[in-house]
Amino acid sequence: MLDSYSRNIDYLRISLTDSCNFKCKYCSPQDNIHCFEKSMSQQQIIDLVKLFSKMGIKKIRLTGGEPLLRKDLVEIVRGIKSIDKIEEVTMTSNGLLLLDKLEELKKAGLDRVNLSLDTFKRDKFKDITGVDGLNKILLSIDKLEELNMVPIKINCVLLNNFNSDEIEDFIKFTKDRKVQVRFIELMTMGDNIEWGKGKYYSAAEVIKKHSELRFYREENIAKIYKIPNSKGEIGFISPNSNKFCSSCNRIRLTSEGKLKLCLHSDKEYDMLEILEGKDPMKALKEIMGEKPKEHRLDEKKYIKKNMVSIGG
């Protein structure tokens, strides 16, 4: 599925809910509550994936909010994995509820999991998430390794004067484990515009300060580094300091069924309405022609929604 800039769009991220059991300060407004009545049904999700697969989508990532809050998550994974042409089903989770569900999810067809982890310190973890749950996330990493669901990607948002003093710890974590720590630059949006002032820390600064890092390869939106003789990797996702829009291969569905062609655009398309139309495939093809060339973060054009409402 090509857009108007000849980018091959084969990756769809689906938010299953905009509810979350964490209150990460850069992602979620503090009054976020469970609102499952707005979320797509299991059948709507399956029907939309079938449509997108016919248009060339091969990879699905389930996000939230927190996808593990969906009681029908296992059935959703199983249903998506059974769809022709879908090659991979992955999930992004905060990991708090993962441990007890992981084996069942793997049997249903889940291939890998990305975990969000911004600090190894219990007090700081509780401060940034609102939950005292660090140990459960670390146990989930152990379980993922045990089940050979690797590489385990660990998303770490770079925050000046919060975890900028722990970067060395995250790098060392890749030494003997099949993980890819992904340092992500803070993206300004929604309610975090004021909160994020002074907290930006660039990927370039990390690379500059850590001469032991060796460039390894490019992986779509990430630049991958390693330290010598390590089992794991370090990735950098830097939408601010190093735009990667020219290689963007993804689109997003919000939990309400709205299609976002670019994370940093407020424009959305009602896919549930399109699904009920006369020619959904034709409509989707026309929409794909509107995917913007690039975001405008460098012009301080910020979107109104919070990340939790879009799908992280």
Side-chain angles (χ1 to χ4, degrees), residues 1 9-22 27-29 32-86 88-94 97-98 101 104-105 108-111 113-114 190 250-263 265-285 287-288 291 303-312:
M1 183 163 59
I9 311 302
D10 62 358
Y11 179 19
L12 174 65
R13 300 173 66 99
I14 305 173
S15 174
L16 299 184
T17 174
D18 63 358
S19 296
C20 190
N21 46 358
F22 278 12
C27 177
S28 174
N32 178 251
I33 57 173
H34 298 340
C35 41
F36 293 106
E37 66 274 7
K38 295 182 180 180
S39 300
M40 291 182 287
S41 69
Q42 178 184 329
Q43 191 58 55
Q44 287 172 328
I45 293 167
I46 300 301
D47 289 345
L48 282 171
V49 174
K50 287 178 179 178
L51 171 63
F52 280 104
S53 70
K54 292 175 183 176
M55 297 294 291
I57 292 294
K58 298 176 182 178
K59 297 179 285 186
I60 301 292
R61 175 168 295 280
L62 303 176
T63 71
E66 174 48 52
L68 282 157
L69 292 175
R70 287 279 302 235
K71 293 181 179 179
D72 55 354
L73 176 59
V74 172
E75 289 75 20
I76 290 172
V77 170
R78 185 179 293 113
I80 292 174
K81 198 61 184 284
S82 69
I83 295 171
D84 189 35
K85 298 180 181 177
I86 297 299
E88 183 179 67
V89 180
T90 61
M91 180 175 75
T92 296
S93 169
N94 60 38
L97 303 175
L98 183 60
K101 280 284 187 181
E104 192 177 5
L105 285 166
L110 188 68
D111 294 294
V113 178
N114 286 22
R250 64 202 58 203
I251 50 179
R252 297 169 183 259
L253 265 181
T254 72
S255 59
E256 296 175 311
K258 302 299 195 320
L259 178 65
K260 289 182 70 72
L261 301 178
C262 174
L263 170 60
S265 170
D266 283 312
K267 193 165 186 179
E268 298 178 348
Y269 305 83
D270 191 337
M271 286 306 302
L272 296 180
E273 186 176 296
I274 289 169
L275 191 63
E276 298 299 322
K278 290 183 179 179
D279 195 340
M281 290 184 68
K282 180 182 178 182
L284 182 55
K285 187 174 182 179
I287 288 170
M288 288 310 305
K291 184 173 170 65
I303 59 174
K304 298 173 184 176
K305 279 189 172 183
N306 295 296
M307 182 65 87
V308 72
S309 301
I310 299 169

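The model shown is predicted, which means the values in this text are computed figures rather than measured ones.
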For Arg252 and Leu259: C-alpha separation, side-chain torsions, deciding distance, then whether side-chain contact (heavy atoms from CB on, under 4.5 Å) applies.
CA-CA 6 Å; Arg252 297 169 183 259; Leu259 178 65; 6.0 Å; no
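- To the nearest 0.5 Å, the span separating OG1 on Thr92 from CG on Asn114 amounts to 4.5 Å.
- For the side chain to side chain contact (heavy atoms under 4.5 Å, CB included) test, no residue two or more places apart in sequence or in another chain qualifies with Ser82.
- Put simply, the side chain of Glu256 does not reach to within 4.5 Å of the side chain of Met40, judged on heavy atoms.
- Not counting sequence neighbours, Asp270 has no partner by the salt bridge (Lys or Arg N to Asp or Glu O under 4.0 Å) test.
- The side chain to side chain contact (heavy atoms under 4.5 Å, CB included) search around Ile9 returns Met1, Asp3, Arg7, Ile57, Ile251, Met288, Lys291, not counting sequence neighbours.
- Looking at residues two or more places apart in sequence or on another chain, you find no salt bridge (Lys or Arg N to Asp or Glu O under 4.0 Å) involving Lys58.
- Residues Asp111 and Lys81 are paired through a salt bridge, judged by an N-O separation under 4.0 Å between the basic side chain and the carboxylate.
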With salt bridge (Lys or Arg N to Asp or Glu O under 4.0 Å) as the criterion, how do Asp266 and Lys260 come out once you've worked through the C-alpha distance, each side chain's angles and the decisive distance to 0.1 Å?
CA-CA 8 Å; Asp266 283 312; Lys260 289 182 70 72; 5.2 Å; no
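- Tyr269 has its side chain out of reach of Leu284: every pair of non-hydrogen atoms, C-beta onward, lies at least 4.5 Å apart.
- Of all heavy-atom pairs between Ala283 and Ile274, the closest is CB-CG2, 3.8 Å.
- Closest of all the heavy-atom pairs between Pro280 and Leu275 is CG-O, 3.7 Å.
- The CG atom of Leu62 sits 9.5 Å away from the CG atom of Leu105 when rounded to the nearest 0.5 Å.
- Side-chain atoms of Arg61 do not come within 3.5 Å of backbone N or O of Thr90 as any donor-acceptor pair.
- Note that the CG atom of Leu73 and the CG atom of Leu16 stand 6.5 Å from one another [nearest 0.5 Å].
- Counting heavy atoms of neighbouring residues, nucleotides and ligands inside a 6.0 Å radius, atom CD of Glu75 exceeds 12 of them.
- The side chain to side chain contact (heavy atoms under 4.5 Å, CB included) with Ile60 is formed by just one residue from the set Val77, Ile76, Ile14, Ile83; it is Ile14.
- Nearest heavy-atom pair, Leu68 versus Ser93, reported as atom, atom and distance to 0.1 Å: CD1-OG, 3.4 Å.
- With rounding to the nearest 0.5 Å, the separation of CD in Glu88 from CG in Leu110 is 9.5 Å.
- The salt bridge (Lys or Arg N to Asp or Glu O under 4.0 Å) test applied to Lys85 returns no partner, not counting sequence neighbours.
- Using modelled atom types, one side-chain atom of Glu66 and one backbone atom of Asn94 make a donor-acceptor pair closer than 3.5 Å.
- Listed by chain and number, the residues in a side chain to side chain contact (heavy atoms under 4.5 Å, CB included) with Arg250 are Tyr11, Arg13, Asn220, Ile221, Cys248 (sequence neighbours excluded).
- Around atom NZ of Lys59, more than 12 heavy atoms belonging to other residues, nucleotides or ligands sit under 6.0 Å away.
- Between atom CG of residue Asp47 and atom CD of residue Glu276 there is a gap of 8.5 Å, rounded to the nearest 0.5 Å.
- Ile45 places none of its side-chain heavy atoms less than 4.5 Å from the side chain of Leu253.
- Closest heavy-atom contact between Ser39 and Arg70: CB-NH1, 3.7 Å.
- No side-chain heavy atom of Leu272 sits under 4.5 Å from any side-chain heavy atom of Lys258.
- Between the CD1 atom of Ile80 and the OG atom of Ser53 there is a distance of 10.5 Å, given to the nearest 0.5 Å.
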